[in-house]
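Read the structure below first, then the notes.
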Protein chains: 2
Amino acid sequence: MYVTIKDIAEKLGLSKSTVSRALSGDYLNVSQETVDRVVEAAARMGYKRNELAVNLRKRKSMAVGILVPELQTAFYSRFIAEAQSLLQKNGYRTIIALSNEDTTWEKSSFGLLSDYRVDGILISVCHNRANIEDYSDLNGKQIPLVFFDRTIEDLPCSSVRSDEQKAVLSLMDHLIARGRRRIVHMAGPDYIRNASDRYVAYQSVLTQHGLAFDPELVVKAGLYRPDGFREISSLLRSGLFFDAVVCFNEMQALGCIEALQAAGIRVPEDVSVASMYGTEVSSLVHPSITSIEKSVLRMAEEAVRLILRQIANPMAPPSEVVIPSDVVIRESS
Amino acid sequence: MYVTIKDIAEKLGLSKSTVSRALSGDYLNVSQETVDRVVEAAARMGYKRNELAVNLRKRKSMAVGILVPELQTAFYSRFIAEAQSLLQKNGYRTIIALSNEDTTWEKSSFGLLSDYRVDGILISVCHNRANIEDYSDLNGKQIPLVFFDRTIEDLPCSSVRSDEQKAVLSLMDHLIARGRRRIVHMAGPDYIRNASDRYVAYQSVLTQHGLAFDPELVVKAGLYRPDGFREISSLLRSGLFFDAVVCFNEMQALGCIEALQAAGIRVPEDVSVASMYGTEVSSLVHPSITSIEKSVLRMAEEAVRLILRQIANPMAPPSEVVIPSDVVIRESS
DNA sequence: TATTTTCCCGGAAACGATTCCGGGAACGGT
DNA sequence: ACCGTTCCCGGAATCGTTTCCGGGAAAATA
């Protein structure tokens, strides 16, 4: 079915070794004439290298995997595009795999990547994860890992994330400057590093500004639109006073705004809403949502740099890179 | 580094063959006791099958590739999720690859997939494609192909697409029922089957309803937000009268609406806007956009069904599946 | 001319699995 | 006691490639 190196060798009366050398550009050990003949024959016969065999033999693949939880969020699709193009410049190909925010899927996708013996993996962990044991398993496979965006604590791996602390700081500074005093913090799952970082920052900003910390203003919510809607609705029913909300993400913020508007509360006149990390959707909806912009490009650059370093020297100590991000003020605040 | 079948064999004093059989569940040719020993040892030693070797030996990979132009559009990310889960149910894994709407990328991604000897590929072609020759090349590789959503004409491959004709029909029926008479048709690139289908349908609907066909109402536009904005702006400047616009996609529609509103024209009171194929963004923006909903699930189902059939029997004649889609009426019309 | 170096190339062993083939042991039937 | 089955298992080939090793011929040096 496929034409192999052996076919070429037989047709040309050469050995497999020579053909392989000619094709791989080992110009020291094969005459120019032979190279020409082989290359010509290969092209004519429609030869295509079997990467499976190459990888098996070389025990590596010149490919890195990118494992993301989902693709709906523009951040991930952009990251993939950027990282892919950077990796390609360095001679690496990419295999994209999904975890669908699910532990089992994640494991199986990781399996796919390691089965194909990728030389490294860029991974953003899925949300509904119970423990980090599996990740140390993954890490135990000796395959270079770089966590990005959603990172895991206490794992001796390199990671790239955005500066959650500073992001929260800027966002809250902005709100406080607008005269807001009672700011609701919608927390995310706390095994995600980002989430805990934000929570810490939230508290420290309050004390910095001499504002009281009210635990009732901290609500744990799911990550999607209905979650935001539900939490804010129940908060409103409870009669608690608040004048601003900082959400975990855009969709949550959307739900918040809908809940507020449904209750006849004006945004941003009565209550300001802001989102950590928004995509273009933030600017499309009405009112458009004040949010933090992650620098996809820089994160991709760092992640690629780190994985390449790790591949080149697996013993290199892991490093954590933190990327600053900007707050974009829009109508909702 | 990795523990192999040979390691297990040596540790247990068995041959590689026996270990392989025990592990692959060939219970006829190996005693239960040996199976148990092998399985136990494999688990204890952390054995992981090298799929590369298996695929090399079996000459197939039990993997199918999904090649999409981009991931920003929710349609593709959803399609991938659906198709992936269906394929998994059938024992296939998936490799996702991107073309980034670029011919060169597409070729290289296709190369990646065929290098890895995937058993089949689901592909949605990229837009800025000059000719279809490359696709016949791809087809010549003897690897089963199924085109989905964006299909190519005149290629002996199976394909799955939505019913553009009927979609245009429903959308225009709706607009005409609303009293619209001069409907602008924003055309897409005509080498894409979807686009030409729509154009034909546009014309036939007009004659069906006894409306005049005005070539000036047909504008060729790019596929993104600024394109919609630009085209409608220039149309407005030209002074041509129209009371409705049917866009190629959601982003284009968004641009249209912005252009109209910028000119002080009300949507939908003065001009209705509708989009072929919208995602949730259509429902989030204000005014929300009337659009056609493609049935991602059904398309994924059909695509997977076709590729599996083609893999099982490469000689099976190609078939074209057309999937109906629904019009969702929102504020913009 | 004899010896060393250089230049190409072939043979063979890997890489890690599957699978065909055949053979020894145990077992039942005559 | 002999033969035919059945049950397990090992040996070896195979998938397509790379790469180490070594060898023969030509070229360069002594």
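Lettering follows sequence order; numbering is per chain, from 1. Below, each value reflects all heavy atoms present in this structure, side chains not excepted, and no hydrogens, waters or symmetry copies.
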Geometric cation-pi criterion, A/K48 with A/Y2: 6.0 Å, 45°: no
Is A/R21 close enough and on-axis enough to A/Y27, meaning under 6.0 Å and within 45°, for cation-pi? no
Return the value, rounded to whole Å, for the distance between atom [atom1] of [X] and atom [atom2] of [N].
X: A/Y27; N: C/dC9; atom1: OH; atom2: C1'; answer: 17 Å
X: B/L28; N: D/dC8; atom1: CG; atom2: P; answer: 9 Å
X: A/E10; N: D/dT17; atom1: CD; atom2: C1'; answer: 15 Å
X: A/D36; N: C/dC8; atom1: CG; atom2: C1'; answer: 15 Å
X: B/R37; N: D/dC9; atom1: CZ; atom2: P; answer: 9 Å
X: B/E51; N: C/dA17; atom1: CD; atom2: P; answer: 9 Å
X: B/K58; N: C/dA17; atom1: NZ; atom2: C1'; answer: 9 Å
X: B/L23; N: C/dG16; atom1: CG; atom2: P; answer: 15 Å

Please confirm whether the shortest side-chain N or O distance from [X] to OP1 or OP2 of [N] is below 4.0 Å.
X: A/T34; N: C/dC8; result: no
X: A/R49; N: D/dT18; result: yes
X: A/T18; N: C/dG10; result: yes
X: A/S20; N: D/dT18; result: yes
X: A/S15; N: C/dG10; result: yes
X: A/Y47; N: D/dT17; result: yes

Looking at A/E51 and B/R117, does any basic side-chain N land under 4.0 Å from a carboxylate oxygen? no
Tell me if the side-chain of [X] makes a donor-acceptor pair with the base of [N], cut-off 3.5 Å, by modelled atom types.
X: A/R57; N: C/dG16; value: no
X: A/R21; N: C/dG10; value: yes
X: A/K16; N: D/dT18; value: no
X: A/S17; N: C/dG11; value: yes

Evaluate side chain to side chain contact (heavy atoms under 4.5 Å, CB included) for B/D36 paired with B/E40, printing each intermediate quantity in order. CA-CA 6 Å; B/D36 292 341; B/E40 189 275 334; over 6 Å; no
Name the residue from A/R309, A/E302, A/R305 that meets the side chain to side chain donor-acceptor pair (under 3.5 Å) definition with A/S319. A/R309
Could you work out which one of C/dA17, D/dG16, C/dC9 sits closest to the side chain of A/V30? C/dC9
If you assign B/V19 and B/R59 each to the DNA chain D nucleotide with the nearest heavy atom, which residue ends up on the more 5' nucleotide? B/V19
Has B/T151 got a side-chain atom pairing as donor or acceptor with B/F147's backbone, closer than 3.5 angstrom? no
Applying a 4.0 Å non-hydrogen cut-off, can you work out what B/N29 is touching in the nucleic acid: base, sugar-phosphate, or nothing? base
